[in-house]
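Each chain gets a letter, A, B and so on, in the order its sequence line appears, and its residues count up from 1. Everything quoted here is computed from the prediction, not taken from an experiment.
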There are 2 protein chains.
Amino acid sequence: MSTSPARTILVVEDEPVINQAITDRLRAEGFEVVQAWDGPGAVELFGASSPDLVVLDIMLPGYDGHEVCRRIQAQRPVPVMMVTARDDEADILVGLGVGADDYLTKPFRMRELVARINALLRRVDRAVELAGSRAVELGRLRIDAGARRVWLSEVEVHLTATEFDLLVCLAATPGQVLTREKLLADVWGWPGASGTRTVDSHVKALRSKIGTERVRTVHGVGYALETI
Amino acid sequence: MSTSPARTILVVEDEPVINQAITDRLRAEGFEVVQAWDGPGAVELFGASSPDLVVLDIMLPGYDGHEVCRRIQAQRPVPVMMVTARDDEADILVGLGVGADDYLTKPFRMRELVARINALLRRVDRAVELAGSRAVELGRLRIDAGARRVWLSEVEVHLTATEFDLLVCLAATPGQVLTREKLLADVWGWPGASGTRTVDSHVKALRSKIGTERVRTVHGVGYALETI
DNA sequence: TCAACTCGTGAAGATTCTGTGCAGATCAGT
DNA sequence: ACTGATCTGCACAGAATCTTCACGAGTTGA
């Protein structure tokens with residue numbers, strides 16, 4: 001992220017002091033920032049500047065934030081961070097319905113705004129990445145069955161063939177316990193087999209790669225995948 | 001994409017609010033959308049409207065999403081985007097399993113749905129292009145299936161007939177792992193063949209021409225083309 | 001608490017798989 | 001038929017992976 005080109009953020013806020021404060025902080029964080037002070041200006045600037053994210057105040061002259069949100073989302077999907085004067089439930093619900101992805105209630109800390117913006121951008125990055133493949137997500141774990149690849153919090157993890165098959169078998173019913181016999185049948189194709197430590201060994205190997213806590217041992221029964 | 005005729009999408013979802021929300025958004029994205037609210041209606045509309053893609057909720061009145069999927073796939077192969085209520089359940093099996101489907105877990109972001117739909121359609125486009133005569137780009141690799149020519153970063157690479165067929169077979173599903181058996185069946189037309197090093201030899205030759213790193217070995221499974 | 005049972009672990013040997021060089025077979029064009 | 005290009009698949013080495021075993025740690029139920 002340090003070497004990638006700067007993200008552009010459109011800040012839409014009619015209050016000059018707040019607008020400038022947000023802008024300054026985001027620039028300090030390394031973002032490109034363009035500013036708009038009303039609805040029509042926001043929609044126009046959105047088309048002109050192609051921002052990666054929009055910070056949008058609900059209360060605006062011209063038409064309100066929801067309308068702006070609708071219009072820019074109609075142009076192109078973009079993550080929107082709504083800013084509301086009070087935590088009015090209705091406003092928030094409408095905003096989320098119109099396509100806002102997150103919202104913040106005034107007064108807010110700049111640090112929180114920055115943190116949420118970064119989180120939102122990360123989320124979208126992952127969504128775009130995900131769109132390219134047929135991956136399944138379970139907590140921080142992402143499994144692409146076709147490519148036989150696995151990621152843990154964005155970092156790819158190398159699994160052997162057996163480890164991968166074992167994971168997929170467990171992931172097919174997250175949280176559900178599978179007996180060793182069931183696993184030996186489904187993963188190894190040894191129906192009726194038992195009395196071997198083979199499953200345990202591979203569970204150990206799998207745990208060492210995706211985190212011990214993600215495979216729960218159910219004493220006397222078997223193993224289950226945790227969605228964390 | 002701007003000049004091509006609009007793609008038609010069939011949205012199958014019994015919840016009116018969600019159905020309409022998806023429909024509205026997809027129409028805003030420029031798709032033609034037809035709506036169905038239950039299994040029988042979906043199957044009938046599928047035949048009548050010839051959609052390019054189906055968005056399908058698992059939970060449906062009549063018969064469930066899997067059944068609908070089976071019936072429409074029986075009529076004509078079509079990309080299906082499944083929507084599941086929660087990511088537990090054996091529903092994930094469908095996502096992990098073989099089918100040509102992608103899936104999404106509720107609640108989902110409209111943007112993500114749109115991104116994945118576009119990705120699915122691109123995948124299909126690519127397969128069609130590969131079968132036809134237009135050139136496809138995969139990372140720095142450009143493949144013109146009609147002319148049977150390949151370029152790597154603008155420089156043409158000479159491939160033998162077998163190498164080319166092998167590349168096209170791998171390129172039809174970039175990133176996806178294909179077994180040697182599958183390759184022997186599809187490229188060599190020897191269904192059921194195995195126990196030979198023929199595939200390996202041609203992979204070696206292909207690698208020497210397009211770069212070793214572009215063909216990923218999946219130990220114990222097969223090979224996959226990387227899009228780099 | 002204690003015995004009985006179950007599970008985790010590390011290591012080692014066995015097994016399987018892949019990369020590679022090479023040679024004979026096959027093919028296409030002359 | 002000749003020649004050069006291509007294809008096939010074997011043999012081998014090295015790498016990767018799998019399985020099993022022994023034993024200590026952990027868990028359960030009486």
Side-chain angles (χ1 to χ4, degrees), chain A residues 147-150 156-170 176-226, chain B residues 147-150 156-170 176-226:
Chain A
R148 295 184 68 91
R149 300 176 103 172
V150 174
E156 184 165 2
V157 183
H158 171 80
L159 298 186
T160 69
T162 305
E163 287 155 15
F164 185 86
D165 292 339
L166 175 61
L167 175 61
V168 167
C169 194
L170 290 169
Q176 303 276 318
V177 184
L178 298 181
T179 64
R180 288 178 178 70
E181 288 68 34
K182 172 75 173 161
L183 291 169
L184 284 170
D186 291 3
V187 176
W188 280 265
W190 301 347
S194 67
T196 169
R197 300 254 71 71
T198 299
V199 177
D200 304 57
S201 286
H202 287 278
V203 166
K204 172 176 149 68
L206 182 58
R207 278 174 165 161
S208 75
K209 293 178 181 179
I210 68 170
T212 305
E213 68 285 359
R214 284 197 175 72
V215 182
R216 177 166 50 100
T217 299
V218 181
H219 196 97
V221 186
Y223 298 101
L225 188 69
E226 296 287 24
Chain B
R148 295 184 69 86
R149 297 173 80 175
V150 175
E156 184 164 2
V157 182
H158 170 77
L159 298 185
T160 69
T162 306
E163 287 155 15
F164 184 85
D165 293 339
L166 175 61
L167 176 60
V168 167
C169 193
L170 291 168
Q176 304 287 104
V177 182
L178 300 181
T179 63
R180 289 176 178 72
E181 288 68 34
K182 171 77 174 158
L183 291 168
L184 284 170
D186 291 2
V187 175
W188 281 266
W190 301 343
S194 68
T196 169
R197 301 252 68 74
T198 299
V199 177
D200 303 58
S201 289
H202 288 277
V203 165
K204 173 177 150 70
L206 182 58
R207 277 175 166 161
S208 74
K209 294 179 182 180
I210 68 169
T212 305
E213 69 285 359
R214 284 195 176 72
V215 182
R216 175 167 56 105
T217 298
V218 181
H219 196 101
V221 186
Y223 297 101
L225 189 68
E226 296 287 32

Interatomic distance, A/D165 CG vs D/dT17 C1' [rounded to whole Å]: 13 Å
First of B/T217 and A/R197 reached from the 5' end of DNA chain C, by closest nucleotide: A/R197
First of B/W188 and A/T196 reached from the 5' end of DNA chain D, by closest nucleotide: B/W188
Contact nearer the 5' end of DNA chain C, comparing B/S201 with B/G220: B/G220
Under 3.5 Å: donor-acceptor pair, side chain of A/T217, backbone of A/H219: no
Minimum-distance nucleotide (side-chain atoms of A/H202 versus C/dC17, D/dG9, D/dC18): D/dC18
A/E226 and A/R214 ion-paired at < 4.0 Å: no
B/L184 CG - D/dC7 C1' separation (whole Å): 13 Å
Per A/R180 side chain, nearest of listed nucleotides C/dG19, D/dC18, C/dG8: C/dG8
Whole-Å distance separating the CZ atom of B/R216 from the P atom of C/dG19: 13 Å
Phosphate-side-chain proximity, A/H219 and C/dA4, N/O vs OP1/OP2 below 4.0 Å: no
Gap between atoms CG and P, on B/D200 and C/dC22 respectively (whole Å): 18 Å
Euclidean distance, atom CG of residue A/L159 to atom C1' of D/dC18 [Å, nearest integer]: 15 Å
Nucleotide D/dA16, atom C1' - distance to CD of A/E163 in whole Å: 11 Å
Out of D/dC7, D/dT19, C/dT18, whichever nucleotide has its closest atom nearest the side chain of B/T160: D/dC7
Between C/dC17 (P) and B/Y223 (OH): distance, integer Å: 12 Å
C/dG21 phosphate, OP1 or OP2, under 4.0 Å from B/K204 side-chain N/O: yes
Main-chain N/O of A/A147 paired with B/R216 side-chain donor or acceptor, under 3.5 Å: yes
Backbone of B/V215 reached by a side-chain donor or acceptor of B/R207 within 3.5 Å: yes
Electrostatic pair A/D186:A/K182 at N-O distance under 4.0 angstrom: yes
Sugar-phosphate only, base, or nothing, as touched by B/A205 at under 4.0 Å among non-hydrogen atoms: nothing
Euclidean distance, atom CG of residue A/L206 to atom P of D/dT19 [Å, nearest integer]: 15 Å
